[in-house]
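Heavy atoms only: backbone and side chains are in, while hydrogens, waters and symmetry mates are out. Letters A, B, ... mirror the listed sequences (proteins, then strands); counts begin at 1.
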Number of protein chains: 2
Amino acid sequence: MSYQLELRHIHYFLAVAEDLHFRKAAERLYISQPGLSRQIKQMEEDLGILLFERHNRKVELTKAGTYLKRELSIYVKQLDDTFNHAHLLHQGKKGQLKLGYVGSAMQQIIPNLLLQSKKENPDIVFNLKEMDNQKQIDGLLNFDVDLGFVRLERVPNNIEIKPVLKDTFCLVLPKNHPIDTLNFKKLSQFKDDSFILFDPEYSKSYYEKVIQIFEDAGFTPSVSHLTIHSSSIYKLVENNFGISIVPKSLTLDTKEKVKFIELDMIKQRTDLSIVWNKMNRNPILTDVLNLVKHLKI
Amino acid sequence: MSYQLELRHIHYFLAVAEDLHFRKAAERLYISQPGLSRQIKQMEEDLGILLFERHNRKVELTKAGTYLKRELSIYVKQLDDTFNHAHLLHQGKKGQLKLGYVGSAMQQIIPNLLLQSKKENPDIVFNLKEMDNQKQIDGLLNFDVDLGFVRLERVPNNIEIKPVLKDTFCLVLPKNHPIDTLNFKKLSQFKDDSFILFDPEYSKSYYEKVIQIFEDAGFTPSVSHLTIHSSSIYKLVENNFGISIVPKSLTLDTKEKVKFIELDMIKQRTDLSIVWNKMNRNPILTDVLNLVKHLKI
DNA sequence: CTAATTGATAACTCATAGGTATTAATACTT
DNA sequence: AAGTATTAATACCTATGAGTTATCAATTAG
């Protein structure tokens, strides 16, 4: 089972598989087209597998070629990660973890995690990037992200999910709004207000959950603004453009002039969950997963 | 992030990492020692990572080298699997699945699985091997096995486990034994019999569970024989060397002259479980997992 | 019917993987 | 202490094959 095959062949194959065009791929690889053709042919002979179907004027992947494109592109990425990790070990670091997170996780859980991790393991390099839920899932699937913090209910098959923070919702009202904690009875008191909500594009399932809150209260809200930043929501509410509803963890540390009413009587909760890819071989991931699971919020 | 590095370097590195001896590794690789030394050096320069510490008369792996040995040997194996799978696709097959199983799974669940799978997907190649529990776990960890059938309670972290068959226990008695289904009352009736049991080396947790059955009945059995084959047990029981206790699924289709008493009143059950490695990228595995989970026994 | 575009083929060249011979450094032996 | 054995590294050589240029064959577009 020992091939003559080299990483070079794999890189060349992936280039052709992406472009489906020998000349273009050759240009991109800075080699000549005949050289590329020969290497691909050699790879096919080595493996005993036809990778491309050469038609008159177009190149197509075979079944086996399609499979190999998918697998090998992951393979080279993982190999790259492995060498990067080895590089960090060489420098005396313990490793690196690429974190993705929705903004609201930055309020508490991420800073806590970083502090505690720095304490227990100062040699872990963290790589933080704020991303929406879907971007994180994509990132996990192709190993650009090791660990994500999302507000999602369902995730693809290979992704693991575990809630770390169960959150109630809070109404966000301008300071001068007639209703406050004292005279608040039920949600339908707000059926004539217009609402500022998080953009469903950011998280469809989160948006649907919020809408369900209003459905349960017997009315459909008029939504006047959609945004993806809580600070924008607060600014808009403060200036009487409408009212809003947000996870409780987002109500901390606002300097805006708004007031909050916690809705602990409704059944909806929004989970902040950690997500990761089962296939991820980053040894740091296991450590940090344990840390997060035992993190006291 | 594009290296000059080739698979050749990785293979050479693994050889040296295993032998910790350049000359021996070179011999094994059928190349000269200086050639090998140079390739390793080139790899170290390429990666910017020192892989080995060359001491006076011995070679040692660095931290990064140790990590790379572990990871890269898995990569090489996965790459090999990937090409094998592609090869099967090329031949019009759907893929291959390497199954490990304890003997008792062959009684029912494995034949069922194979039959149903052949029906739904005639192009899957199955690769069967009877192995003890621990061998299967080892095989899963280094990807020699895709799916195992074990009698275990606990498995390592990266291994997933799911029970597929809950089994009661049965006493195995010689035909001429004074006790039978009619006059059997409780287990302690057998406290003076000597027992033939499955060797604890085969599965420690299974053995302990069986011993617990007797502890619960208030006595410690005298164990006269240990074996790993149910047929040996039946032969020995038939010839009055003692009595035994086995999972119910093993009582089928015996031509031996023994009788069985089902122990459905005791609390112990033995689970036959499927086990697999989370990191396994064999696309067939997902299909077969679904099949097994919905298999009617 | 010509021009353009595709991948494959042929013949050449030069970079380098791997070879031989040797050195340097150290560790056993006596 | 001197001699022998064992290790990996160094220096230099060579021959395989990756990559080149030029060209072909087959097709399509205008």
Donor-acceptor side-chain pairing of S37(B) and Q33(B) below 3.5 angstrom: yes
Touch class at under 4.0 angstrom, heavy-atom based, for F52(B) against every strand present: nothing
Extract from the structure each pairing of a protein N or O with an N or O of nucleotides 5-12 of chain D at less than 3.5 Å, listing the distance.
| from | atom 1 | to | atom 2 | distance (Å) |
| --- | --- | --- | --- | --- |
| dT6(D) | O4' | R57(B) | NH2 | 2.9 |
| dT7(D) | OP1 | H21(B) | NE2 | 2.8 |
| dT7(D) | OP2 | R23(B) | NE | 3.4 |
| dT7(D) | OP2 | R23(B) | NH2 | 2.9 |
| dA8(D) | OP1 | F22(B) | N | 2.8 |
| dA8(D) | OP2 | R23(B) | N | 3.3 |
| dA9(D) | OP1 | R54(B) | NE | 2.7 |
| dA9(D) | OP2 | S37(B) | OG | 2.8 |
| dA9(D) | N7 | Q33(B) | NE2 | 2.9 |
| dA9(D) | N6 | Q33(B) | OE1 | 3.2 |
| dT10(D) | OP2 | K41(B) | NZ | 3.1 |

Partners passing side-chain hydrogen bond (donor to acceptor under 3.5 Å, both in side chains) against D138(A) (at least two apart in sequence or in another chain): Q134(A)
Under-4.0 Å salt bridge between K94(A) and D287(A): yes
Atom pair distance, as rounded to whole Å: CD in E27(B) and C1' in dG18(C): 16 Å
For atom CG of L36(A) and atom P of dT6(C), their distance in whole Å: 14 Å
F83(A)/Y67(B) under ring-ring contact (aromatic ring centres under 6.0 Å, His included): CA gap, chis, key distance, verdict: CA-CA 10 Å; F83(A) 289 133; Y67(B) 164 76; 9.3 Å; no
Spacing of I31(A) atom CD1 relative to dT21(D) atom P, expressed in whole Å: 12 Å
Interatomic distance, Q42(B) CD vs dG18(C) C1' [rounded to whole Å]: 12 Å
For atom CD1 of I10(A) and atom P of dA18(D), their distance in whole Å: 15 Å
Sugar-phosphate only, base, or nothing, as touched by E6(B) at under 4.0 Å among non-hydrogen atoms: nothing
Side-chain N,O (Y30(A)) to OP1/OP2 (dT20(D)) below 4.0 Å: no
Salt bridge flag under 4.0 Å for residues K118(A) and D123(A): no
Spacing between H9(A) atom NE2 and dG17(D) atom C1', to the nearest angstrom: 10 Å
Gap between atoms CD and C1', on Q4(B) and dA15(C) respectively (whole Å): 11 Å
P283(B) vs E71(A) side-chain heavy atoms within contact, under 4.5 Å: no
Pair E60(A) + R54(A): basic N to acidic O under 4.0 Å: no
Length of the CG-P vector between L29(B) and dA17(C), whole Å: 15 Å
